[in-house]
Amino acid sequence: MSSFDPSSVDLDSADPRDIICYMNGGENDYDGRIGARISAIFVIFIVSTAVTFFPMLAKRFPRLHIPHYVYLFARYFGAGVIVATAFIHLLDPAYDEIGPASCVGMTGHWADYSWCPAIVLASVMGIFLLDFGAERYVEVKYGVCREDPERIMTSTFNEEVLPTHTTNKDTKVDGTIDAASVDSGAIERSFRQQIAAFLILEFGIIFHSVIIGLNLGTTGEEFPTLYPVLVFHQSFEGLGIGARMSAIPFKKGSWLPWVLCLLYGLTTPIAIAIGLGVRTTYNAGSYTANVVSGVFDAISAGILIYTGLVELLARDFLFDPHRTQDNKRLTFMVVSLLWGVGIMALLGKWA
């Protein structure tokens, strides 16, 4: 790079890496407006936290008389936001930062392999293994047993398994099962499975929130556009988090969901404050910053891709045995989902 002269470039002989690294490189862009940046700390905290709390309040306090369709909109609009965030706000920036066409991706060992999709793939598989391990742990601990498909087929067509409604002198039937204990055990299993998936989801979103908070605290002429866009951005993500958390069967009086909502609300404001602390020295376009943010974006993209497609869409729409059969409600859920995807994808034009 020391011999590269940007004012005189021979495109036939110049190293493409020099050109790309020069174009991608940057300097500290901070240009004042300290008052507006400080206000962003409080505005984003208040708005994003309030929106994150809304689905929890709607679900836990029926006396507020919030229409059920408002809750459904929040839940599935939020699911769409999470899916769009994975692809538009995480995967695409990760390619820009460490992908094959970036300065990082063209230099050193980063040029030996396409690491960006590899990191996303490793993240997806890692989350799958964690999810599968958590579910299997719950099955073993609580003695939950899934029916063997071959056994079901044999039972259905060959009647080799004793029907549950028949008895003989050697067969004793217990009618003494405590329904309350069965329900309690099912709720506990559901809670453990869902909270594990949710914590992974919030972990991925928090990574992303830290990076955009740093950028808002140090960015230059883009600040007037970035500020309002990030208010909406963080609010929509918060809506997704709150809606997902509202579906988890927490124990009555549990403080955990409120703490988790507050943790999300605090993340970006704290990152903005840190950005203001290093506002004259931090360079978002530096090689090191691109490596760090690119790796974190790729990891978070994998987390949200798996969570959005498997935990949210597949489980809610395809594999949920209690899914509503009301076509009107199903249509509303799908339209809300598409609105969330579309609006969050549109915000990707600015942030």
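None of these values were measured; they are calculated from a predicted model. Residue numbers count from 1 along this sequence.
The shortest non-hydrogen separation linking Leu91 to Ala301 is N-CB, 3.9 Å. Residues Gly348 and Ile88 share a closest heavy-atom pair of CA-CG2, 3.8 Å. The minimum heavy-atom distance linking Leu309 with Leu313 is given by the pair O-CB, 3.6 Å. Nearest heavy atom pair, residue Asp96 against residue Ser102, reads O-CB, 3.3 Å. Summarising the geometry of Arg33 relative to Gly220, their closest heavy-atom pair is NH2-O, 3.0 Å, with the distance given to 0.1 Å. Taking every heavy atom of both residues into account, Thr218 and Val278 meet most closely at CG2-O, 4.4 Å.
Between Leu90 and Val120 there is no side-chain heavy-atom pair separated by less than 4.5 Å. Under the 4.5 Å side-chain criterion, counting only non-hydrogen atoms from C-beta, His233 is in contact with Met344. A 4.5 Å side-chain heavy-atom check between Phe250 and Arg60 finds at least one atom pair inside the cut-off. The shortest distance between side-chain heavy atoms of Leu337 and Met333 does not fall below 4.5 Å. Contact check for Phe77 versus Leu72: no side-chain heavy atoms found under the 4.5 Å cut-off. In this structure, the side chains of Pro249 and Gln194 come closer than 4.5 Å at one or more pairs of heavy atoms. Within the 4.5 Å cutoff, side-chain heavy atoms of Glu237 are placed close to those of Tyr264. No side-chain heavy atom of Val81 sits under 4.5 Å from any side-chain heavy atom of Leu239.
Salt bridge Asp316/Arg244: present, at least one basic N to carboxylate O contact under 4.0 Å. A salt bridge links Arg37 to Asp31: one of the charged nitrogens lies within less than 4.0 Å of a carboxylate oxygen. One finds no salt bridge joining Asp92 and Lys349 here, because no Lys/Arg side-chain nitrogen approaches an Asp/Glu carboxylate oxygen to under 4.0 Å.
When each of Ile272, Leu230, Ile270, Thr268 is tested with Ser209 by the rule side-chain contact (heavy atoms from CB on, under 4.5 Å), just one qualifies, namely Thr268. Applying the ring pair (Phe, Tyr, Trp, His ring centres under 6.0 Å) test between Tyr76 and each of Phe317, Tyr69, Tyr71 identifies Phe317 as the sole match.
With rounding to the nearest 0.5 angstrom, the CE atom of Met245 is 9.0 Å from the CG atom of Leu201. Atom-to-atom distance recorded for Thr49:OG1 and Phe54:CZ is 15.5 Å, nearest 0.5 angstrom.
Taking the centre of each ring, Phe53 and Trp258 come in below the 6.0 Å mark.
The aromatic rings of Phe236 and Phe232 sit tilted, their planes meeting at an angle between 30° and 60°.
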Exercise for review: Apply side chain to side chain contact (heavy atoms under 4.5 Å, CB included) to the pair Gln325 and Leu330, showing each step before the final yes or no.
Suggested key: CA-CA 7 Å; Gln325 300 302 307; Leu330 282 172; 5.7 Å; no
Practice item. Please report the C-alpha distance between Tyr306 and Ser123 in whole Å, then the side-chain angles of each, then the deciding distance to 0.1 Å, and finally whether the side-chain hydrogen bond (donor to acceptor under 3.5 Å, both in side chains) criterion is met. Key: CA-CA 9 Å; Tyr306 178 87; Ser123 178; over 6 Å; no
Exercise for review: With side chain to side chain contact (heavy atoms under 4.5 Å, CB included) as the test, would you mind laying out the steps for Leu260 and Ile241 before giving the verdict?
Suggested key: CA-CA 9 Å; Leu260 292 174; Ile241 284 181; over 6 Å; no
Review point. When you look at Ile211 and Phe207, which way does the side chain to side chain contact (heavy atoms under 4.5 Å, CB included) test go after all the steps?
Key: CA-CA 7 Å; Ile211 292 171; Phe207 261 154; 5.7 Å; no
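Crowding of Trp110 atom CH2: a count of heavy atoms from other residues, nucleotides or ligands under 6.0 Å exceeding 12.
With hydrogens and angles left out, the side-chain atoms of Tyr95 and Asp297 include no donor and acceptor closer than 3.5 Å. Tyr227 and Ser39 share a side-chain donor-acceptor pair at under 3.5 Å.
Without hydrogens or angle criteria, Trp115 side chain to Pro100 main chain gives no donor-acceptor distance under 3.5 Å.
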